[in-house]
Amino acid sequence: MADMTPEEQRQWNEYQSWSTQVQAVKQSQLGLNKAIGEGKLRVTPEAAKAAAAACRKTGVELRAARLGLRFELDQTHLGDCQAGLGLAAQFKNKYEELKARLFDGEQILENMAKAYEAAGRAYQAAEDANRNNLQRKR
């Protein structure tokens, strides 16, 4: 990696950062789904709507980042020997991996938005049922 230009190093670091962030979001979604499934997450419809909107906004940002990616590697800085060609292939693989992870991140965030909305609906349904029960007992 010592032969990289500052721009190539910046791109490499950015790819690594995005990849790590997408993995963190994936873990968050798994935790969210588990908490909702176990009834441990109760969220008001308003909060659920806000959380879903935040997930969708971030998903749009990931999509914009993914669609804005361009693979531009100046091969002359790496040379045409086997090591240089191998490093170029690694960059290309990381680029493709990042695009795939960003796409996964978009899907994960949409699933999280749907999970928040479902939790909000469940909360509202429970509130409505409780209110109906109380009114019948009066």
Side-chain angles (χ1 to χ4, degrees):
M1 305 272 183
D3 294 337
M4 286 190 270
T5 67
E7 178 59 19
E8 290 165 348
Q9 182 66 52
R10 185 196 64 74
Q11 287 180 353
W12 179 265
N13 292 341
E14 189 173 309
Y15 294 163
Q16 295 293 83
S17 175
W18 275 102
S19 181
T20 300
Q21 290 176 34
V22 168
Q23 286 304 311
V25 168
K26 186 173 188 174
Q27 290 303 313
S28 294
Q29 184 216 352
L30 295 174
L32 173 65
N33 289 347
K34 182 178 180 195
I36 290 171
E38 294 173 352
K40 294 180 179 177
L41 177 67
R42 295 182 182 202
V43 60
T44 65
E46 296 80 19
K49 190 176 188 179
C55 288
R56 288 197 171 102
K57 178 181 182 283
T58 304
V60 166
E61 292 168 358
L62 285 181
R63 179 176 170 78
R66 180 176 56 87
L67 295 177
L69 286 177
R70 299 287 179 268
F71 184 73
E72 298 175 12
L73 178 66
D74 185 352
Q75 182 70 38
T76 60
H77 292 288
L78 302 176
D80 57 4
C81 64
Q82 283 301 106
L85 296 173
L87 187 56
Q90 287 179 1
F91 270 106
K92 180 70 172 171
N93 289 342
K94 285 293 183 184
Y95 168 77
E96 295 299 333
E97 180 184 309
L98 175 63
K99 280 183 20 180
R101 285 198 178 181
L102 289 173
F103 180 77
D104 290 346
E106 293 169 46
Q107 302 306 307
I108 290 165
L109 286 162
E110 180 58 28
N111 291 339
M112 289 176 74
K114 289 176 182 176
Y116 278 119
E117 290 168 341
R121 285 190 302 274
Y123 181 92
Q124 188 62 55
E127 287 291 306
D128 292 346
N130 289 339
R131 185 175 31 261
N132 290 339
N133 285 337
L134 287 172
Q135 288 175 350
R136 276 186 265 162
K137 290 183 182 191
R138 288 184 187 180

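Computed from a predicted model, the values in this text were never measured in an experiment.
Shown here are the salt bridge (charged side-chain N to carboxylate O under 4.0 Å, His left out) partners of Lys57, two or more places apart in sequence or in another chain: Glu61. Residues forming a salt bridge (charged side-chain N to carboxylate O under 4.0 Å, His left out) with Arg10 (at least two apart in sequence, or on another chain): Glu7, Glu14. By the side chain to side chain donor-acceptor pair (under 3.5 Å) test, Arg121 is found to be paired with no residue, residues two or more places apart in sequence or in another chain being considered. Remark: Tyr123 pairs with no residue by the ring-ring contact (aromatic ring centres under 6.0 Å, His included) rule, at least two apart or across chains. For Glu127, there are no salt bridge (charged side-chain N to carboxylate O under 4.0 Å, His left out) partners two or more places apart in sequence or in a different chain. The side chain to side chain contact (heavy atoms under 4.5 Å, CB included) check on Glu97 picks up Ser19, Lys94, Arg101, with sequence neighbours excluded.
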query = Under the side chain to side chain donor-acceptor pair (under 3.5 Å) criterion, do Gln124 and Asp128 qualify, and how do the steps go?
reply = CA-CA 6 Å; Gln124 188 62 55; Asp128 292 346; 2.9 Å; yes

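More than 12 heavy atoms of other residues, nucleotides or ligands lie within 6.0 Å of CD in Gln135, so this atom counts as buried by the packing criterion. Shown here is Arg56, whose CZ atom has more than 12 heavy atoms of other residues, nucleotides or ligands within 6.0 Å.
Follow the hydrophobic side-chain contacts under 4.5 Å out from Leu62 and you reach Met112 in the same cluster. The cluster map of Ile, Leu, Val, Met, Phe, Trp and Tyr, joined by side-chain heavy atoms under 4.5 Å apart, puts Leu87 and Leu98 in the same cluster.
Inter-residue side-chain proximity for Leu30 and Gln27 is flagged as met; some heavy-atom pair is nearer than 4.5 Å. The closest side-chain heavy-atom distance from Lys99 to Leu69 is below 4.5 Å.
Salt-bridge annotation for Arg66 and Glu106: present, with a side-chain N of the basic residue lying under 4.0 Å from a carboxylate O of the acidic one.
Here the straight-line distance linking atom CD1 of Ile108 with atom SG of Cys55 works out to 11.0 Å at 0.5 Å rounding.
Taking each heavy atom of Gly120 and Ala48 in turn, the nearest pair found is CA-CB, 3.6 Å.
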